[in-house]
**Q** 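One structure is given below, represented as structure tokens, and several questions about it will come after.
Note that the structure is a prediction, hence the values are computed from the model and not measured. Read the numbers this way: they start at 1 and go in the same order the structure lists the ligands and their atoms.
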Amino acid sequence: MRHHIEELERIGKILSPDSVQRATDIELISNFCSKFINDLEISNAYNAPNSLTGRLELNLNETCKLADILLELESSMIANGLNPASGGHLGYIPGGGIHTGALGDYLAAVTNQYAGVNFAGPGAVKIENELIRWMCDLMGYPKGSLGNLTSGGSTANLIAFVTAREARSISSIHFHQQCIYLTKQVHHCVHKAIRICGLKDAHTRFVEVDDQFKMRVDLLEKYILEDIASGLIPMMIVASAGTTDTGAVDPIYQIADIAEKYKIWFHIDAAYGGFFMLSDIDNSNGTKLKDLFKGIDRSDSLAIDPHKGLFLSYGLGAVLIKDVESLYKAHYYKAAYMQDTIRSNEELSPADLSIELTKHFRGMRLWLPLKYYGIRPFKALLEEKILLCRYFYSEIQKLGFEVGPYPELSVCIYRYVPEHQDINEFNEKLLMEVHQIGRIFITSTSIEGKYWLRLAVLSFRTHMNEIELLLDILKNAKEKVLMDY
Ligand SMILES: *Cc1c(COP(=O)(O)O)cnc(C)c1O
């Protein structure tokens with residue numbers, strides 16, 4: 001048996017490379033990444049996807065050279081579809097991928113700290129909770145508030161809704177009496193989270209929006225009163241602080257007044273817009289951009305996405321909860337094999353505040369860059385994005401395009417209205433033309449039957465150059481589509 005064990009050890013040893021091998025591997029990866037980043041200056045943000053049949057497939061009985069694997073990634077993964085790392089990514093809500101964040105992931109993976117339980121990984125847990133406390137503080141939540149680092153905004157919203165449900169001890173026999181208030185402009189993951197947490201049987205009330213796509217507070221109150229009169233229970237209001245379609249921020253302060261008056265759980269989905277709270281930008285009418293968020297501190301829970309607003313690679317959202325005991329009660333479980341992990345007074349364990357137990361030590365990717373650089377460059381880039389969007393909004397009108405509402409944050413909608421052709425069809429063609437070129441990537445949306453092109457500026461690599469490029473592309477594409485008719 002001893003011989004057999006030694007033989008198995010020998011076979012498995014390849015998974016523990018020595019320092020020479022590690023250095024060789026790292027150099028290959030580092031060169032690959034370096035070339036990838038340098039190429040972003042000139043490479044496309046979008047390439048029509050290629051079929052991957054016969055590629056990137058596993059062959060578990062063979063080994064492969066790392067250099068060959070990287071070549072395969074280059075030919076089959078990079079430059080296939082959207083390149084989210086590109087500064088030319090101006091569609092959906094762009095993410096980021098700051099390099100120091102990637103190094104944070106490397107540190108997290110190599111040290112593999114147990115960030116779920118304070119008893120096991122007090123340093124890692126402290127790092128994660130520090131980040132959450134900072135975000136709570138930024139939102140004006142009181143000391144003692146906490147939350148959880150999630151994989152993204154979808155999970156963050158889900159955790160918040162489960163907490164709202166449990167805080168009011170709402171069980172399935174009560175679901176059909178509950179009312180949830182939101183607008184048609186909420187992100188679809190809000191509906192998904194409502195379904196997953198069982199509240200599909202609750203009444204979803206769509207409160208109409210005004211001409212800036214913001215929730216109409218007068219109607220919100222009207223619906224609440226109607227529901228109370230018919231014996232239903234207003235349970236939760238979901239406001240958006242930066243909608244995905246247009247970047248609109250619902251009137252948070254007035255919604256908070258109503259939530260307080262009728263004792264309704266107030267959740268804010270700030271997945272996209274939340275970090276603009278860091279900005280010091282002035283509006284033309286003498287107000288500050290930050291004023292849009294006034295009253296955000298009066299919410300009960302909030303979702304926010306550092307993988308959007310803080311330019312990190314995908315996989316980092318956060319849920320913030322004012323009453324941490326309700327979050328704890330909704331997620332804490334005991335287990336015999338966990339009996340050594342007593343609740344610490346100093347730090348709550350992320351595992352007691354979320355769906356997950358064992359999880360990626362995802363805080364390191366944010367903690368490292370914040371510790372390294374401080375907040376200043378993040379703030380500057382967020383302000384730059386706002387101004388770039390405003391710049392685009394005014395320049396695109398000079399090219400004869402129609403625009404939606406003035407952008408409150410860094411998203412705006414626009415479309416070309418041709419004299420004789422169908423407007424929606426024309427703009428679809430325009431989008432296809434932009435995709436065909438591929439240097440810059442934009443997306444579209446439909447609001448009440450109207451097809452709009454969207455601009456979403458949030459990549460840390462998007463600067464004036466990319467906006468000018470897009471304006472140029474749109475100008476030429478418009479001429480081309482007009483000619484084609
Ligand atoms: C992106 C986004 C979400 C979803 O977040 P994920 O991180 O993609 O799960 C939710 N709400 C808004 C407003 C968003 O922009």
**Q** For ligand 1, is there an atom lying under 4.0 Å from some heavy atom of C189?
**A** yes

**Q** Between T183 and Q185, is there a donor-acceptor pair closer than 3.5 Å when you use the side chain of the first and the backbone of the second?
**A** yes

**Q** Starting from atom 4 (C) of ligand 1, locate the nearest protein heavy atom and write down its residue, its atom name and how far away it is, to 0.1 Å.
**A** H187 CE1, 3.6 Å

**Q** At a 4.0 Å threshold, what atoms of ligand 1 neighbour a non-hydrogen atom of G242?
**A** 13 (C)

**Q** Quick one: does any side-chain atom of R454 pair with a main-chain N or O of D245 as donor and acceptor, under 3.5 Å?
**A** yes

**Q** Is any side-chain heavy atom of Y141 closer than 4.5 Å to a side-chain heavy atom of I321?
**A** no

**Q** Whether K308 engages the ring of Y272 as a cation-pi pair (distance to the six-membered ring centre under 6.0 angstrom, angle to the ring normal within 45°) should be assessed.
**A** no

**Q** When only distance counts, is D269 in polar contact with ligand 1, meaning an N/O pair under 3.5 Å?
**A** yes

**Q** Indicate yes or no: does an N/O atom of T243 lie under 3.5 Å from an N/O atom of ligand 1?
**A** no

**Q** For G152, is at least one N or O under 3.5 Å away from an N or O on ligand 1?
**A** no

**Q** Run the contact test for S240 against ligand 1 with a 4.0 Å cut-off on heavy atoms, strictly below, and give the result.
**A** no

**Q** How does S154 reach ligand 1, if at all, at less than 4.0 Å between non-hydrogen atoms: by side chain, backbone, both, or neither?
**A** both

**Q** Which atoms of ligand 1 sit under 4.0 Å from any heavy atom of T244?
**A** 12 (C), 13 (C), 14 (C), 15 (O)

**Q** Please say whether more than 12 non-hydrogen atoms of neighbouring residues, nucleotides or ligands are located less than 6.0 Å from OH in Y92.
**A** no

**Q** So which protein heavy atom does atom 6 (P) of ligand 1 come closest to, and at what separation?
**A** G153 N, 3.3 Å

**Q** Indicate the atoms forming the closest heavy-atom contact of G104 with M364, along with that distance.
**A** O-CG, 3.2 Å

**Q** What protein heavy atom is closest to atom 3 (C) of ligand 1, reported as residue, atom name and distance in Å?
**A** K308 NZ, 3.3 Å

**Q** So for atom NZ, which belongs to K126, do other residues, nucleotides or ligands contribute more than 12 heavy atoms lying within a distance under 6.0 Å?
**A** no

**Q** Is a side-chain donor-acceptor pair under 3.5 Å present for Y223 with E208?
**A** yes

**Q** Under 3.5 Å, is there a donor-acceptor pair linking the side chains of S354 and H331?
**A** no

**Q** As an exercise, identify every atom of ligand 1 less than 4.0 angstrom from a heavy atom of A271.
**A** 2 (C), 3 (C), 10 (C), 11 (N), 12 (C), 14 (C)

**Q** Which atoms of ligand 1 sit under 4.0 Å from any heavy atom of D305?
**A** 5 (O), 6 (P), 7 (O)

**Q** Return a yes/no value for T155: is any of its N or O atoms, backbone included, closer than 3.5 angstrom to an N or O of ligand 1?
**A** no

